[in-house]
Amino acid sequence: MGGAQVDSRPVTVAPRLARVAGMLTYVVALTWWVTVMGIPKQALPAIAWIWLATIAWNIQAPWRAHLDFLRDWSIPLAVLTVYLYSRGIADDLGFVSVHVTAPIKVDRWLFGGTLPTEYLQAKLCGNPCERTTPRHWYDVILTTVYYSHFVVALTIAAVLWLRDRSAWVWFMRRYLSLNILALVVYITYPMAPPWLAAQQGAVSGHIARITGRGWYDLRAGDFHQKLSAVGNPVAAMPSLHAAVSLFVALYGASRLRSRWRWLFLLYPMAMSFMLVYYGEHYVIDIVAGFAAAGLVLCGWKVWELSHASDPPRRVLAEVVVPRQRRSV
């Protein structure tokens, strides 16, 4: 009839616009949660928020694709939940005594009779050092470094899950193995950290647990106390914070070719300094954490080489730097 043709096709939202809207909604919701409930540091809420992030990022994907996340992340969720609620089992069973003085002697031997935590708190915090004393600029940075432990590794895992499932498997094998190895040692070798040793009178000087000091105005101390209520205060050897931070730094450095890639190592250095300064760990705990990371990385490397069907040289390259195969 010569009339205008009406387009009957359904109106669709541009993928980029939908992604931006989804991520903005996610950020608003997460900000509200952190403000009201605190940082999602336990396994279930942390992974739930990661799942919501993947949904927001791929908001137009079919629900079957989103349900794949629950299938793939069910084992990590189970392992991290068991770790969280089982690390205090040795203290409850009572068949292994808590080690208090041994790490103190080792740290004093390493530093010529000086206990590093005691020295750092006296110099950087005050004597006596209290969680509520006026904070310094470096306290804000160091407290941020501490809480990054609960989000950095899982955030990297979420990005890898979206972009390359084989790289995700590579990463999660090592991350979960670190948690399992730490849990085994916590059960068989419970050890009091510096702040607890001071409360029991094993340290002559004043040592306080000041982990939330940098975020005190944001009630970070309350967040830390809630987390500490789950698990065991004598799960200190090795330092999982140190182990994971080194693992993340080495992974980041392995992904780049720039000469600046080794700046990633500043992350475990800052984490280690903070843990000792804040009274969470001894230096020997940090050394043990680094050793645990090295053991896990080398162990998986040997296992993957021995079970590979590809030529060893090719597999070695992929073990050190897994290939990227973008899926989204």
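Leu124 places none of its side-chain heavy atoms less than 4.5 Å from the side chain of His136. Taking 4.5 Å as the limit, every side-chain heavy atom of Ser239 sits out of range of all side-chain heavy atoms of Tyr282. A heavy-atom distance below 4.5 Å is not found between the side chains of Leu77 and Leu70. Counting heavy atoms from C-beta on, the side chains of Tyr146 and Leu275 come closer than 4.5 Å. In this structure, Leu176 and Pro76 have side chains that are in contact, with non-hydrogen atoms separated by less than 4.5 Å. Proximity of Ile284 to Met237: side-chain heavy atoms (C-beta onward) are separated by under 4.5 Å at one or more points.
Of the charged side-chain nitrogens involved, none lies within less than 4.0 Å of a carboxylate oxygen, so that Lys123 and Glu118 do not count as a salt-bridged pair.
Going from atom CG of Leu30 over to atom CG of Leu52 covers 9.0 Å, rounded to the nearest 0.5 Å. Separation of atoms CG (Leu115) and CG (Asp107) is listed at 6.0 Å; rounding is to 0.5 Å. Rounded to the nearest 0.5 Å, atoms CD (Glu280) and CD1 (Ile286) are 10.0 Å apart. Here His149 contributes atom NE2 and Met274 contributes atom CE; the two are 9.5 Å apart, rounded to the nearest 0.5 Å. Rounding to the nearest 0.5 Å gives a distance of 10.5 Å between CD1 of Ile156 and CZ of Arg255.
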TODO: Determine, stepwise, if the pair Leu246 / Leu265 fulfils side chain to side chain contact (heavy atoms under 4.5 Å, CB included).
DONE: CA-CA 7 Å; Leu246 180 62; Leu265 293 178; 4.3 Å; yes

Open item on the list: Is there a side chain to side chain contact (heavy atoms under 4.5 Å, CB included) between Lys301 and Leu297? Walk through the geometry before answering.
Closed with: CA-CA 6 Å; Lys301 178 178 178 179; Leu297 290 172; over 6 Å; no

Task: Derivation and outcome, side-chain hydrogen bond (donor to acceptor under 3.5 Å, both in side chains), residues Tyr278 and Thr143 - done: CA-CA 9 Å; Tyr278 280 170; Thr143 297; 3.1 Å; yes

Open item on the list: Applying ring-ring contact (aromatic ring centres under 6.0 Å, His included) to Tyr26 and Trp49, what does each step give before you reach the verdict?
Closed with: CA-CA 9 Å; Tyr26 173 81; Trp49 278 105; 5.7 Å; yes

- [ ] Start with the C-alpha gap between Tyr251 and Trp170, add the side-chain angles, then the distance that decides, and say whether ring-ring contact (aromatic ring centres under 6.0 Å, His included) holds.
- [x] CA-CA 11 Å; Tyr251 177 78; Trp170 185 99; 5.6 Å; yes

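Below 30°, between 30° and 60°, or above 60°: for Trp51 and Trp63 the angle between ring planes is above 60°, a perpendicular geometry.
Minimum heavy-atom separation, Gly279 to Pro194: O-CD, 3.4 Å. Nearest heavy atoms, Ile59 versus Arg19: CG2-N, 4.1 Å. Ser272 and Ala242 get closest at one heavy-atom pair: OG-CB, 4.4 Å. Nearest approach of His241 to Met271, heavy atoms of both residues: O-CG, 3.8 Å. Nearest heavy-atom pair across Ala253 and Phe264 is N-CD1, 3.6 Å.
Residues forming a ring-ring contact (aromatic ring centres under 6.0 Å, His included) with Trp303 (at least two apart in sequence, or on another chain): Trp300, His307.
Atom CD1 of Ile75 has 12 or fewer neighbouring heavy atoms from other residues, nucleotides or ligands inside a 6.0 Å radius. Atom OH of Tyr138 has more than 12 heavy atoms from other residues, nucleotides or ligands within 6.0 Å.
Listed by first then second residue, pairs satisfying side chain to side chain donor-acceptor pair (under 3.5 Å) with a partner in residues 193-202 number zero, not counting sequence neighbours.
Residue Pro238 is tested with Leu181, Val185, Asp285, Leu178 for a side chain to side chain contact (heavy atoms under 4.5 Å, CB included); the sole match is Val185.
For the pair Arg163 and Trp161, the cation-pi test (distance below 6.0 Å, angle within 45°) is failed.
Aromatic rings from Tyr175 and Phe247 are positioned such that their centres are separated by 6.0 Å or more.
Side-chain polar atoms of Thr211 and Tyr147 form no donor-acceptor pair below 3.5 angstrom.
Using modelled atom types, one side-chain atom of His281 and one backbone atom of Ala236 make a donor-acceptor pair closer than 3.5 Å.
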